[in-house]
S.K.: 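Below: one structure in structure tokens.
For ligands, and for the atoms within them, numbers begin at 1 and follow the listed sequence. Since the model is a prediction, treat every value here as computed from it, not as a measurement.
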Amino acid sequence: MDVEKVLCMVGGSSETSYASNSTIPRKALLRIRPMLEEALAEIYRNLHPEKMTVADLGCASGPNTLLLLSEVIRIISNQCLKSGQQPPEMQFFLNDLCNNDFNNIFQSLDRIEESVRAEKVTIVVPYFVAGLPGSFYGRLLPRQSVHFFHSTFSLQWISQVPKDVGDIKNGMPLNKGNIYIGKTGPPLVGKLYQEQFRSDFSHFLKLRCDELVPCGQMVLSFLGRHKKDILDGEWSIIWGLLAESLDSMVREGLVEEKNMDTFNLPFYTPSAEEVEAIINLQGLFDIIHFQTFESNLDPFHNLDDDAVLDNVQSGANCAKVIRSVIESMIASHFGSTIVDDLFSRFATNVAKHLLKEKLKFPILALSLKKKE
Ligand SMILES: C[S@@+](CC[C@H](N)C(=O)[O-])C[C@H]1O[C@@H](n2cnc3c(N)ncnc32)[C@H](O)[C@@H]1O
């Protein structure tokens, strides 16, 4: 699978688009506001740049991209108004893979100002916005040119499916019956995914360190895992329900078995300990804040409320979220004809699972400062 070609959220603004199904990262973005505020204010106070460059990595398309821009404009405008200093000119780079719906973002840029003004803040910074297509596992910007990187819900996507996960062992695919690390799957698969993440995330840190100005900062949030045991992750359950749905289609002859055998997700949710160990081993960044918080897979479900009132509706809500994220990957591997049926089966499987337990997962959020 060529991840750079097949990974892309559903574009546009229809009911099945990512833009209409991205409430979960939006809530996370609102939750990390204090981290954003602290990092940007510190950069502004310490560096007083005449030109300030900010890049959002894995921006997708939809309201969250605009929310991030308006937050940064609000924070820097407030800082300028407080200090009475000359405002910097701000350059925003919105990065994602080449198939991302950048046009959808560009067409809605005029909403940024509305949302800053809604917070009763006067915009005093001139700003410029540019799309930046390409993988964040490669260099994106000139050396020492960026003051601040942000990324929400993107770094759990690894650069490739670990090479040996598709191996045939004793005549059987190593990861038979799974599309990710299976709860009862071979431990070697977990190790291969973990190693791929370690290598990708280390590389990502090195690249961003090269691109950041001295004392530049990053705020990153992505999906993680509570348990130490790699096979016991929350996403092994969620992707396991999708694998079951695919498997039922194989049994009914609607999907070829060899297609299912060769489909594995380029995805990994690390534990907080793994992430911290990688950052510390590399020694390029100081960790300023590191938080873990939870989310429900059903964006309409209150976290504190343990009962699932309507499991069928909730299954459908969860299926819409997952479909908006991986429809393009499914369609490119299996063909677009299976998509409706697959996600309807997935909704049913989720609904059944919700009778036993809710589907929740942790989000890791951290702010990092480039070491002097
Ligand atoms: C779940 S979306 C998150 C979008 C947005 N940040 C938000 O909070 O709603 C993840 C995005 O990361 C992008 N992505 C994944 N791997 C990437 C890579 N290597 N380089 C650039 N973007 C990537 C995907 O294409 C997708 O648009």
S.K.: Any side-chain heavy-atom pair from Phe92 and Met90 closer than 4.5 angstrom?
M.R.: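 Yes, close enough: below the 4.5 Å cut-off.
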
S.K.: Looking only at protein heavy atoms, which one is nearest to atom 23 (C) of ligand 1, and how far off is it?
M.R.: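 Looking only at protein heavy atoms, the one closest to atom 23 (C) of ligand 1 is Phe136 CE2, 3.4 Å.
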
S.K.: Provide the closest heavy-atom pair for Ile158 versus Phe267 in the form atom of the first, atom of the second, distance.
M.R.: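 Taking every non-hydrogen atom into account, CG1-N, 3.4 Å.
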
S.K.: Under 4.0 Å from any heavy atom of Gly134, which atoms of ligand 1 are there?
M.R.: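 With Gly134 as reference, the close atoms of ligand 1 come out as 20 (N), 21 (C).
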
S.K.: If you look at every heavy atom in Val3 and Leu97, which pair is closest and at what distance?
M.R.: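 Shortest heavy-atom separation between Val3 and Leu97 comes out as O-CD1, 4.1 Å.
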
S.K.: What atoms of ligand 1 come closer than 4.0 angstrom to any heavy atom of Asn95?
M.R.: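 Ligand 1 atoms under the 4.0 Å threshold to Asn95: 21 (C).
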
S.K.: Check whether more than 12 heavy atoms from other residues, nucleotides or ligands sit under 6.0 Å from atom NZ of Lys227, and answer yes or no.
M.R.: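 Not more than 12 within 6.0 Å, no.
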
S.K.: Do the side-chain N and O atoms of Ser248 and Ser245 include a donor-acceptor pair separated by under 3.5 angstrom?
M.R.: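 Not at all, the side chains of Ser248 and Ser245 share no donor-acceptor pair under 3.5 Å.
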
S.K.: Just checking, any donor-acceptor pair under 3.5 angstrom between side chains of His226 and Glu294?
M.R.: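 On atom types as modelled, these side chains qualify, holding a pair under 3.5 Å.
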
S.K.: Yes or no on side-chain contact (heavy atoms from CB on, under 4.5 Å) for Ile330 and Leu342, after CA distance, side-chain angles and deciding distance?
M.R.: CA-CA 9 Å; Ile330 295 284; Leu342 175 64; 3.8 Å; yes

S.K.: Tell me: protein heavy atom nearest atom 12 (O) of ligand 1, and distance?
M.R.: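 Heavy-atom neighbour on the protein nearest atom 12 (O) of ligand 1: Ser154 OG, 3.1 Å.
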
S.K.: Which heavy atom in Lys370 sits nearest to a heavy atom in Leu212, and how many Å separate them?
M.R.: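 Result for this residue pair: NZ-O, 2.7 Å.
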
S.K.: N/O of Asp96 under 3.5 Å from N/O of ligand 1, yes or no?
M.R.: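 Yes.
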
S.K.: Looking at Pro25, which atoms of ligand 1 are within less than 4.0 Å of one of its heavy atoms?
M.R.: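 Result: 7 (C), 8 (O), 9 (O).
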
S.K.: Give the numbers and elements of all ligand 1 atoms closer than 4.0 Å to a heavy atom of Ala60.
M.R.: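 Taking each heavy atom of Ala60 in turn, ligand 1 has 4 (C), 27 (O) under 4.0 Å.
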
S.K.: If you look at every heavy atom in Cys80 and Pro88, which pair is closest and at what distance?
M.R.: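 Where Cys80 meets Pro88 most closely, the heavy atoms are SG-CD, 3.7 Å.
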
S.K.: Would you say Asn100 and ligand 1 have an N/O pair spaced under 3.5 Å apart?
M.R.: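 Not met; the criterion fails.
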
S.K.: Report the part of Cys59 in contact with ligand 1, treating N, CA, C, O as backbone and CB onward as side chain, heavy atoms under 4.0 Å; options are side chain, backbone, both, neither.
M.R.: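 The answer is the backbone of Cys59.
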
S.K.: How far is atom 9 (O) of ligand 1 from its nearest protein heavy atom, and which residue and atom name does that atom have?
M.R.: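 Result for atom 9 (O) of ligand 1: Tyr18 OH, 2.6 Å.
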
S.K.: Counting non-hydrogen protein atoms only, what is the nearest one to atom 19 (N) of ligand 1? Give residue, atom name and distance.
M.R.: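 Answer, as residue, atom name and distance: Ser135 OG, 3.1 Å.
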
S.K.: Can you tell me the protein heavy atom closest to atom 15 (C) of ligand 1 and the distance?
M.R.: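 Scanning the protein heavy atoms, the shortest distance from atom 15 (C) of ligand 1 goes to Leu7 CD2, 3.4 Å.
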
S.K.: For ligand 1, is there an atom lying under 4.0 Å from some heavy atom of Ala28?
M.R.: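 So Ala28 does not count as touching ligand 1.
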
S.K.: At less than 4.0 angstrom from any non-hydrogen atom of Tyr137, what atoms of ligand 1 do you find?
M.R.: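 Numbered from 1, ligand 1 contributes 19 (N).
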
S.K.: Can you confirm whether more than 12 heavy atoms, excluding those of Lys183, are under 6.0 Å from its NZ atom?
M.R.: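 Yes, the 6.0 Å shell around NZ holds more than 12 heavy atoms from other groups.
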
S.K.: Among protein heavy atoms, which sits nearest to atom 10 (C) of ligand 1, and what does the distance come to when rounded to 0.1 Å?
M.R.: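 Nearest protein contact, heavy atoms only, for atom 10 (C) of ligand 1 is Phe153 O, 3.3 Å.
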
